[in-house]
Protein chains: 2
Amino acid sequence: MAATARGREEALPALAEVFREHGYEGASLFLISQATGLGKGSLYHFFPGGKAEMAAAVVAEIDAWFERHVFAALRDTRRPREDIAAMLEAVDQYFGTGRRVCLVGLFALGDARDAFTREVHAYFARWVGALADALVRSGNGRAAATALAEETVGAIQGAIVLTRALDDPGIFGRALQRLRSRLGLERR
Amino acid sequence: MAATARGREEALPALAEVFREHGYEGASLFLISQATGLGKGSLYHFFPGGKAEMAAAVVAEIDAWFERHVFAALRDTRRPREDIAAMLEAVDQYFGTGRRVCLVGLFALGDARDAFTREVHAYFARWVGALADALVRSGNGRAAATALAEETVGAIQGAIVLTRALDDPGIFGRALQRLRSRLGLERR
DNA sequence: GTCTATAGATCGATAGAC
DNA sequence: GTCTATCGATCTATAGAC
(Lines give C-alpha, C1' and ligand atoms only; values in the text may rest on other atoms or scores of the structure.)
Protein backbone atom coordinates (compact mmCIF):
# COMPACT_ATOMS: atom_id res chain seq x y z
CA MET A 1 0.00 0.00 0.00
CA ALA A 2 2.35 2.69 1.19
CA ALA A 3 5.75 3.65 -0.09
CA THR A 4 8.30 3.56 2.68
CA ALA A 5 7.32 5.98 5.41
CA ARG A 6 10.20 8.28 6.37
CA GLY A 7 9.28 8.93 9.95
CA ARG A 8 6.86 8.40 12.78
CA GLU A 9 4.34 10.91 11.51
CA GLU A 10 4.33 9.60 7.97
CA ALA A 11 3.73 6.08 9.22
CA LEU A 12 0.57 6.93 11.13
CA PRO A 13 -1.97 6.85 8.28
CA ALA A 14 -0.91 3.41 7.09
CA LEU A 15 -0.75 2.25 10.68
CA ALA A 16 -4.29 3.48 11.29
CA GLU A 17 -5.51 1.65 8.22
CA VAL A 18 -4.07 -1.65 9.43
CA PHE A 19 -5.74 -1.32 12.84
CA ARG A 20 -9.02 -0.36 11.18
CA GLU A 21 -8.90 -3.32 8.81
CA HIS A 22 -7.73 -6.00 11.23
CA GLY A 23 -8.48 -4.71 14.72
CA TYR A 24 -5.89 -4.53 17.46
CA GLU A 25 -5.26 -8.25 17.91
CA GLY A 26 -5.40 -8.94 14.20
CA ALA A 27 -2.88 -6.24 13.30
CA SER A 28 0.34 -8.24 13.40
CA LEU A 29 3.75 -6.61 13.19
CA PHE A 30 4.17 -8.36 9.86
CA LEU A 31 1.08 -6.63 8.44
CA ILE A 32 2.14 -3.35 10.03
CA SER A 33 5.60 -3.66 8.56
CA GLN A 34 4.17 -4.34 5.11
CA ALA A 35 1.67 -1.49 5.24
CA THR A 36 4.12 1.11 6.47
CA GLY A 37 7.14 -0.09 4.52
CA LEU A 38 9.12 0.00 7.75
CA GLY A 39 11.08 -2.93 9.13
CA LYS A 40 10.61 -4.04 12.68
CA GLY A 41 13.79 -2.29 13.68
CA SER A 42 12.47 1.03 12.42
CA LEU A 43 9.05 0.47 13.94
CA TYR A 44 10.57 -0.12 17.37
CA HIS A 45 12.83 2.86 16.88
CA PHE A 46 9.80 5.11 16.34
CA PHE A 47 7.53 3.31 18.79
CA PRO A 48 9.66 1.91 21.63
CA GLY A 49 6.49 0.77 23.38
CA GLY A 50 5.69 -1.60 20.54
CA LYS A 51 2.22 -2.32 19.22
CA ALA A 52 0.48 -0.72 22.17
CA GLU A 53 2.29 2.55 21.55
CA MET A 54 1.50 2.36 17.85
CA ALA A 55 -2.20 1.95 18.57
CA ALA A 56 -2.11 4.72 21.16
CA ALA A 57 -0.43 7.05 18.65
CA VAL A 58 -3.09 6.22 16.07
CA VAL A 59 -5.93 6.86 18.52
CA ALA A 60 -4.31 10.13 19.59
CA GLU A 61 -4.02 11.25 15.99
CA ILE A 62 -7.61 10.31 15.21
CA ASP A 63 -8.66 12.17 18.33
CA ALA A 64 -6.70 15.23 17.31
CA TRP A 65 -8.09 15.09 13.77
CA PHE A 66 -11.66 14.98 15.02
CA GLU A 67 -10.94 17.73 17.52
CA ARG A 68 -9.61 19.93 14.74
CA HIS A 69 -11.97 19.08 11.90
CA VAL A 70 -15.16 17.95 13.59
CA PHE A 71 -15.53 19.05 17.20
CA ALA A 72 -13.89 22.45 16.88
CA ALA A 73 -16.30 23.56 14.19
CA LEU A 74 -19.16 22.77 16.55
CA ARG A 75 -17.80 25.25 19.07
CA ASP A 76 -18.15 28.25 16.80
CA THR A 77 -20.92 30.13 18.53
CA ARG A 78 -22.24 32.21 15.66
CA ARG A 79 -23.76 29.78 13.21
CA PRO A 80 -24.44 26.50 14.97
CA ARG A 81 -26.71 25.21 12.24
CA GLU A 82 -24.10 25.53 9.52
CA ASP A 83 -21.47 24.07 11.83
CA ILE A 84 -23.56 20.97 12.49
CA ALA A 85 -24.15 20.53 8.77
CA ALA A 86 -20.41 20.85 8.19
CA MET A 87 -19.80 18.22 10.87
CA LEU A 88 -22.05 15.75 9.08
CA GLU A 89 -20.29 16.48 5.81
CA ALA A 90 -16.87 15.91 7.38
CA VAL A 91 -18.12 12.66 8.91
CA ASP A 92 -19.41 11.50 5.53
CA GLN A 93 -16.02 12.17 3.99
CA TYR A 94 -13.98 10.68 6.82
CA PHE A 95 -15.90 7.43 7.07
CA GLY A 96 -16.02 7.00 3.29
CA THR A 97 -19.82 6.94 3.32
CA GLY A 98 -19.78 4.15 5.86
CA ARG A 99 -17.28 1.88 4.16
CA ARG A 100 -14.50 2.86 6.52
CA VAL A 101 -14.67 1.62 10.08
CA CYS A 102 -14.50 3.98 13.06
CA LEU A 103 -11.46 2.66 14.90
CA VAL A 104 -12.54 4.19 18.19
CA GLY A 105 -15.95 2.55 17.85
CA LEU A 106 -14.28 -0.76 17.07
CA PHE A 107 -12.11 -0.41 20.18
CA ALA A 108 -15.23 0.45 22.19
CA LEU A 109 -16.79 -2.87 21.20
CA GLY A 110 -13.94 -4.68 22.82
CA ASP A 111 -11.07 -5.13 20.44
CA ALA A 112 -8.69 -3.30 22.74
CA ARG A 113 -11.18 -2.05 25.27
CA ASP A 114 -9.29 -2.30 28.51
CA ALA A 115 -6.20 -0.64 27.12
CA PHE A 116 -7.99 2.40 25.71
CA THR A 117 -11.03 2.87 27.93
CA ARG A 118 -10.10 6.45 28.77
CA GLU A 119 -9.34 7.51 25.21
CA VAL A 120 -12.51 5.90 23.87
CA HIS A 121 -14.60 7.55 26.55
CA ALA A 122 -13.05 10.97 25.95
CA TYR A 123 -13.53 10.79 22.19
CA PHE A 124 -17.23 10.02 22.34
CA ALA A 125 -17.91 12.27 25.33
CA ARG A 126 -16.40 15.23 23.51
CA TRP A 127 -18.26 14.43 20.31
CA VAL A 128 -21.64 14.15 22.03
CA GLY A 129 -20.87 17.12 24.27
CA ALA A 130 -19.80 19.49 21.51
CA LEU A 131 -22.79 18.54 19.39
CA ALA A 132 -25.20 18.98 22.28
CA ASP A 133 -23.76 22.42 23.02
CA ALA A 134 -24.19 23.45 19.40
CA LEU A 135 -27.77 22.21 19.49
CA VAL A 136 -28.46 24.27 22.60
CA ARG A 137 -27.04 27.31 20.87
CA SER A 138 -29.24 26.66 17.86
CA GLY A 139 -32.32 26.85 20.06
CA ASN A 140 -32.88 23.45 21.67
CA GLY A 141 -33.40 22.84 25.36
CA ARG A 142 -30.55 21.09 27.18
CA ALA A 143 -32.35 17.76 27.56
CA ALA A 144 -33.55 17.69 23.97
CA ALA A 145 -30.10 18.67 22.74
CA THR A 146 -28.42 15.88 24.68
CA ALA A 147 -30.91 13.34 23.38
CA LEU A 148 -30.44 14.56 19.80
CA ALA A 149 -26.66 14.45 20.14
CA GLU A 150 -26.70 10.91 21.49
CA GLU A 151 -29.04 9.88 18.74
CA THR A 152 -26.87 11.46 16.06
CA VAL A 153 -23.54 9.96 17.13
CA GLY A 154 -25.21 6.60 17.76
CA ALA A 155 -26.88 6.66 14.36
CA ILE A 156 -23.54 7.33 12.69
CA GLN A 157 -21.85 4.44 14.48
CA GLY A 158 -24.76 2.12 13.78
CA ALA A 159 -24.88 3.14 10.14
CA ILE A 160 -21.23 2.14 9.78
CA VAL A 161 -22.02 -1.32 11.16
CA LEU A 162 -25.04 -1.75 8.87
CA THR A 163 -23.29 -0.35 5.80
CA ARG A 164 -20.46 -2.83 6.16
CA ALA A 165 -22.72 -5.73 7.09
CA LEU A 166 -25.00 -5.23 4.08
CA ASP A 167 -22.26 -3.82 1.85
CA ASP A 168 -24.45 -0.90 0.84
CA PRO A 169 -23.18 2.67 1.22
CA GLY A 170 -26.70 3.87 0.51
CA ILE A 171 -27.51 2.99 4.10
CA PHE A 172 -24.99 5.49 5.43
CA GLY A 173 -26.17 8.17 3.02
CA ARG A 174 -29.79 7.70 3.99
CA ALA A 175 -28.86 7.77 7.69
CA LEU A 176 -27.09 11.11 7.26
CA GLN A 177 -30.07 12.47 5.35
CA ARG A 178 -32.43 11.47 8.15
CA LEU A 179 -30.12 13.16 10.66
CA ARG A 180 -30.07 16.37 8.63
CA SER A 181 -33.82 16.39 8.65
CA ARG A 182 -34.07 15.61 12.35
CA LEU A 183 -31.48 18.21 13.31
CA GLY A 184 -33.35 20.88 11.38
CA LEU A 185 -30.72 21.32 8.68
CA GLU A 186 -32.97 20.80 5.69
CA ARG A 187 -32.39 23.10 2.76
CA ARG A 188 -34.46 26.16 3.32
CA MET B 1 -17.59 -18.89 34.82
CA ALA B 2 -19.02 -22.13 33.49
CA ALA B 3 -19.08 -25.53 35.08
CA THR B 4 -17.75 -28.13 32.71
CA ALA B 5 -19.91 -28.28 29.62
CA ARG B 6 -21.02 -31.81 28.81
CA GLY B 7 -21.37 -31.51 25.07
CA ARG B 8 -21.21 -29.32 22.03
CA GLU B 9 -24.54 -27.63 22.67
CA GLU B 10 -23.83 -26.89 26.31
CA ALA B 11 -20.53 -25.29 25.39
CA LEU B 12 -22.02 -22.77 22.98
CA PRO B 13 -23.15 -20.10 25.48
CA ALA B 14 -19.76 -19.86 27.17
CA LEU B 15 -18.11 -19.97 23.77
CA ALA B 16 -20.27 -17.09 22.56
CA GLU B 17 -19.36 -15.07 25.63
CA VAL B 18 -15.64 -15.47 24.97
CA PHE B 19 -15.98 -14.30 21.37
CA ARG B 20 -18.12 -11.39 22.46
CA GLU B 21 -15.65 -10.35 25.14
CA HIS B 22 -12.42 -10.78 23.20
CA GLY B 23 -13.36 -10.79 19.52
CA TYR B 24 -12.34 -13.53 17.12
CA GLU B 25 -8.60 -12.94 17.18
CA GLY B 26 -8.51 -12.29 20.88
CA ALA B 27 -10.39 -15.46 21.80
CA SER B 28 -7.51 -17.85 22.33
CA LEU B 29 -8.02 -21.56 22.82
CA PHE B 30 -6.73 -21.09 26.35
CA LEU B 31 -9.51 -18.63 27.15
CA ILE B 32 -12.05 -20.83 25.38
CA SER B 33 -10.90 -23.85 27.32
CA GLN B 34 -11.21 -21.96 30.61
CA ALA B 35 -14.65 -20.54 29.85
CA THR B 36 -16.16 -23.81 28.67
CA GLY B 37 -14.36 -26.06 31.13
CA LEU B 38 -13.38 -28.27 28.20
CA GLY B 39 -9.81 -29.30 27.40
CA LYS B 40 -8.39 -28.80 23.97
CA GLY B 41 -8.93 -32.46 23.19
CA SER B 42 -12.63 -32.16 23.89
CA LEU B 43 -12.92 -28.90 22.01
CA TYR B 44 -11.39 -30.43 18.89
CA HIS B 45 -13.55 -33.48 19.34
CA PHE B 46 -16.70 -31.33 19.23
CA PHE B 47 -15.36 -28.83 16.71
CA PRO B 48 -12.97 -30.62 14.34
CA GLY B 49 -12.65 -27.42 12.31
CA GLY B 50 -11.06 -25.66 15.28
CA LYS B 51 -11.66 -22.05 16.22
CA ALA B 52 -13.28 -21.19 12.90
CA GLU B 53 -15.89 -23.91 13.40
CA MET B 54 -16.48 -22.76 16.98
CA ALA B 55 -17.14 -19.20 15.82
CA ALA B 56 -19.36 -20.45 13.00
CA ALA B 57 -21.38 -22.54 15.45
CA VAL B 58 -21.79 -19.54 17.73
CA VAL B 59 -22.92 -17.29 14.89
CA ALA B 60 -25.34 -19.98 13.71
CA GLU B 61 -26.81 -20.28 17.17
CA ILE B 62 -27.15 -16.53 17.58
CA ASP B 63 -28.79 -16.42 14.17
CA ALA B 64 -31.23 -19.17 15.13
CA TRP B 65 -32.00 -17.50 18.45
CA PHE B 66 -32.82 -14.20 16.77
CA GLU B 67 -34.84 -15.99 14.12
CA ARG B 68 -36.88 -17.70 16.82
CA HIS B 69 -37.20 -14.95 19.40
CA VAL B 70 -36.91 -11.75 17.43
CA PHE B 71 -37.54 -12.09 13.69
CA ALA B 72 -40.29 -14.72 13.91
CA ALA B 73 -42.45 -12.54 16.13
CA LEU B 74 -42.26 -9.81 13.50
CA ARG B 75 -43.85 -12.13 10.94
CA ASP B 76 -47.08 -12.54 12.85
CA THR B 77 -49.47 -10.70 10.60
CA ARG B 78 -52.22 -9.87 13.03
CA ARG B 79 -50.74 -7.40 15.50
CA PRO B 80 -47.61 -5.88 13.97
CA ARG B 81 -47.47 -3.06 16.47
CA GLU B 82 -47.35 -5.35 19.48
CA ASP B 83 -44.84 -7.58 17.70
CA ILE B 84 -42.49 -4.68 17.08
CA ALA B 85 -42.77 -3.62 20.70
CA ALA B 86 -41.98 -7.20 21.77
CA MET B 87 -38.96 -7.19 19.47
CA LEU B 88 -37.58 -4.08 21.16
CA GLU B 89 -38.17 -5.66 24.56
CA ALA B 90 -36.35 -8.84 23.51
CA VAL B 91 -33.48 -6.76 22.16
CA ASP B 92 -33.24 -4.84 25.43
CA GLN B 93 -33.01 -8.11 27.35
CA TYR B 94 -30.62 -9.83 24.97
CA PHE B 95 -28.12 -7.00 24.79
CA GLY B 96 -28.27 -6.37 28.53
CA THR B 97 -29.37 -2.77 28.00
CA GLY B 98 -26.37 -2.15 25.79
CA ARG B 99 -23.71 -3.61 28.03
CA ARG B 100 -23.46 -6.78 25.99
CA VAL B 101 -21.85 -6.57 22.57
CA CYS B 102 -23.61 -7.76 19.43
CA LEU B 103 -21.19 -10.40 18.16
CA VAL B 104 -22.51 -10.18 14.61
CA GLY B 105 -22.06 -6.43 14.65
CA LEU B 106 -18.54 -6.85 15.98
CA PHE B 107 -17.76 -9.30 13.19
CA ALA B 108 -19.27 -6.85 10.69
CA LEU B 109 -16.77 -4.20 11.78
CA GLY B 110 -13.92 -6.44 10.78
CA ASP B 111 -12.94 -8.78 13.55
CA ALA B 112 -13.65 -11.82 11.41
CA ARG B 113 -15.22 -10.14 8.47
CA ASP B 114 -13.94 -12.12 5.52
CA ALA B 115 -14.76 -15.44 7.15
CA PHE B 116 -18.37 -14.60 7.98
CA THR B 117 -19.45 -12.10 5.34
CA ARG B 118 -22.41 -14.23 4.27
CA GLU B 119 -23.68 -14.94 7.78
CA VAL B 120 -23.32 -11.31 8.84
CA HIS B 121 -25.15 -10.13 5.75
CA ALA B 122 -27.97 -12.65 6.21
CA TYR B 123 -28.47 -11.77 9.86
CA PHE B 124 -28.87 -8.05 9.31
CA ALA B 125 -30.78 -8.42 6.05
CA ARG B 126 -33.35 -10.64 7.75
CA TRP B 127 -33.62 -8.32 10.72
CA VAL B 128 -34.18 -5.20 8.61
CA GLY B 129 -36.41 -7.13 6.20
CA ALA B 130 -38.68 -8.63 8.84
CA LEU B 131 -39.01 -5.30 10.62
CA ALA B 132 -39.77 -3.44 7.38
CA ASP B 133 -42.47 -5.98 6.52
CA ALA B 134 -44.07 -5.57 9.93
CA LEU B 135 -43.99 -1.81 9.49
CA VAL B 136 -45.71 -2.11 6.12
CA ARG B 137 -48.38 -4.25 7.72
CA SER B 138 -48.86 -1.69 10.45
CA GLY B 139 -49.69 0.93 7.84
CA ASN B 140 -46.44 2.40 6.51
CA GLY B 141 -45.51 2.72 2.86
CA ARG B 142 -42.74 0.42 1.64
CA ALA B 143 -40.11 3.16 1.33
CA ALA B 144 -40.91 4.67 4.72
CA ALA B 145 -40.94 1.21 6.30
CA THR B 146 -37.52 0.34 4.89
CA ALA B 147 -36.09 3.64 6.09
CA LEU B 148 -37.58 3.15 9.56
CA ALA B 149 -36.26 -0.41 9.76
CA GLU B 150 -32.74 0.65 8.76
CA GLU B 151 -32.89 3.46 11.26
CA THR B 152 -34.06 1.16 14.04
CA VAL B 153 -31.48 -1.59 13.58
CA GLY B 154 -28.75 1.00 13.06
CA ALA B 155 -29.78 2.89 16.18
CA ILE B 156 -29.61 -0.32 18.23
CA GLN B 157 -26.12 -1.14 16.97
CA GLY B 158 -24.93 2.43 17.48
CA ALA B 159 -26.43 2.55 20.97
CA ILE B 160 -24.40 -0.52 21.92
CA VAL B 161 -21.20 1.21 20.80
CA LEU B 162 -22.05 4.41 22.67
CA THR B 163 -23.24 2.63 25.80
CA ARG B 164 -19.98 0.72 26.08
CA ALA B 165 -17.83 3.69 25.13
CA LEU B 166 -19.39 5.97 27.73
CA ASP B 167 -20.20 3.15 30.17
CA ASP B 168 -23.75 4.38 30.58
CA PRO B 169 -26.67 1.99 30.03
CA GLY B 170 -29.00 4.97 30.13
CA ILE B 171 -27.92 5.68 26.57
CA PHE B 172 -29.30 2.36 25.37
CA GLY B 173 -32.54 2.83 27.31
CA ARG B 174 -33.07 6.31 25.89
CA ALA B 175 -32.35 5.06 22.38
CA LEU B 176 -35.00 2.34 22.72
CA GLN B 177 -37.47 4.90 24.06
CA ARG B 178 -36.88 7.17 21.07
CA LEU B 179 -37.40 4.21 18.75
CA ARG B 180 -40.68 3.32 20.43
CA SER B 181 -41.86 6.85 19.90
CA ARG B 182 -40.69 6.96 16.32
CA LEU B 183 -42.22 3.60 15.46
CA GLY B 184 -45.55 4.68 16.85
CA LEU B 185 -45.52 2.33 19.84
CA GLU B 186 -46.14 4.89 22.53
CA ARG B 187 -48.48 3.86 25.32
CA ARG B 188 -51.99 4.64 24.21
C1' DG C 1 -14.40 -38.57 25.36
C1' DT C 2 -10.90 -36.36 27.93
C1' DC C 3 -6.46 -35.71 29.30
C1' DT C 4 -1.23 -34.29 28.81
C1' DA C 5 2.40 -33.37 25.93
C1' DT C 6 3.99 -31.26 22.18
C1' DA C 7 4.43 -30.13 17.26
C1' DG C 8 4.73 -26.36 14.04
C1' DA C 9 3.80 -21.78 13.05
C1' DT C 10 3.55 -17.10 14.24
C1' DC C 11 3.52 -13.70 17.64
C1' DG C 12 5.78 -9.35 19.80
C1' DA C 13 10.09 -7.81 20.91
C1' DT C 14 15.31 -7.47 21.04
C1' DA C 15 20.28 -7.59 19.65
C1' DG C 16 23.95 -6.36 16.93
C1' DA C 17 26.05 -5.48 12.37
C1' DC C 18 26.24 -1.86 9.22
C1' DG D 1 18.15 4.67 11.29
C1' DT D 2 17.55 0.35 9.05
C1' DC D 3 18.56 -4.15 8.30
C1' DT D 4 18.82 -9.44 9.42
C1' DA D 5 18.76 -12.85 12.69
C1' DT D 6 16.77 -14.63 16.40
C1' DC D 7 14.87 -14.89 21.06
C1' DG D 8 11.16 -16.62 24.19
C1' DA D 9 6.30 -16.67 24.52
C1' DT D 10 2.06 -17.83 22.74
C1' DC D 11 -0.82 -19.42 19.25
C1' DT D 12 -3.68 -23.21 16.79
C1' DA D 13 -3.81 -27.81 16.14
C1' DT D 14 -2.52 -32.73 16.64
C1' DA D 15 -0.91 -37.14 18.76
C1' DG D 16 -1.28 -40.72 21.81
C1' DA D 17 -2.09 -42.55 26.51
C1' DC D 18 -5.90 -43.61 29.31
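Below, chain A is the first sequence line, B the second, and so on; all start at residue 1. Note that this is a predicted model, so its numbers are computed, not measured.
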Find the distance [X]:[atom1] to [N]:[atom2] and express it as a whole number of Å.
{"X": "Gln34(B)", "N": "dT10(D)", "atom1": "CD", "atom2": "C1'", "result": "14 Å"}
{"X": "Leu38(A)", "N": "dT4(D)", "atom1": "CG", "atom2": "P", "result": "13 Å"}
{"X": "Phe47(A)", "N": "dG1(D)", "atom1": "CZ", "atom2": "P", "result": "13 Å"}

Within-4.5 Å side-chain heavy-atom neighbours: Phe172(B) and Asp92(B):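 Yes, their side chains come closer than 4.5 Å.
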Taking C-beta and beyond as the side chain, do Arg137(A) and Arg79(A) meet within less than 4.5 Å on heavy atoms?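 Sidechains of Arg79(A) and Arg137(A): no contact.
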Hey, does the Lys NZ or Arg CZ of Arg100(B) hover above the aromatic six-ring of Tyr94(B), less than 6.0 Å from the centre and inside 45° of the axis?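 Positive - Arg100(B) is close enough to the ring of Tyr94(B) and near enough to its axis.
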By the definition ring-ring contact (aromatic ring centres under 6.0 Å, His included), identify the one residue from Phe124(A), Tyr123(A), Phe116(A) that meets it with Phe107(A).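 So, applying the ring-ring contact (aromatic ring centres under 6.0 Å, His included) to Phe107(A) and each of Phe124(A), Tyr123(A), Phe116(A), only Phe116(A) qualifies.
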Strictly under 4.0 angstrom, non-hydrogen atoms only: write out the protein contact profile of nucleotides 11-18 of chain D, one letter per nucleotide from the 5' end, B, S or -. SBBB----
Going by side-chain contact (heavy atoms from CB on, under 4.5 Å), name the residues that satisfy it together with Ala60(B), two or more places apart in sequence or in a different chain.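 With sequence neighbours excluded, Ala60(B) shows a side-chain contact (heavy atoms from CB on, under 4.5 Å) to no residue whatsoever.
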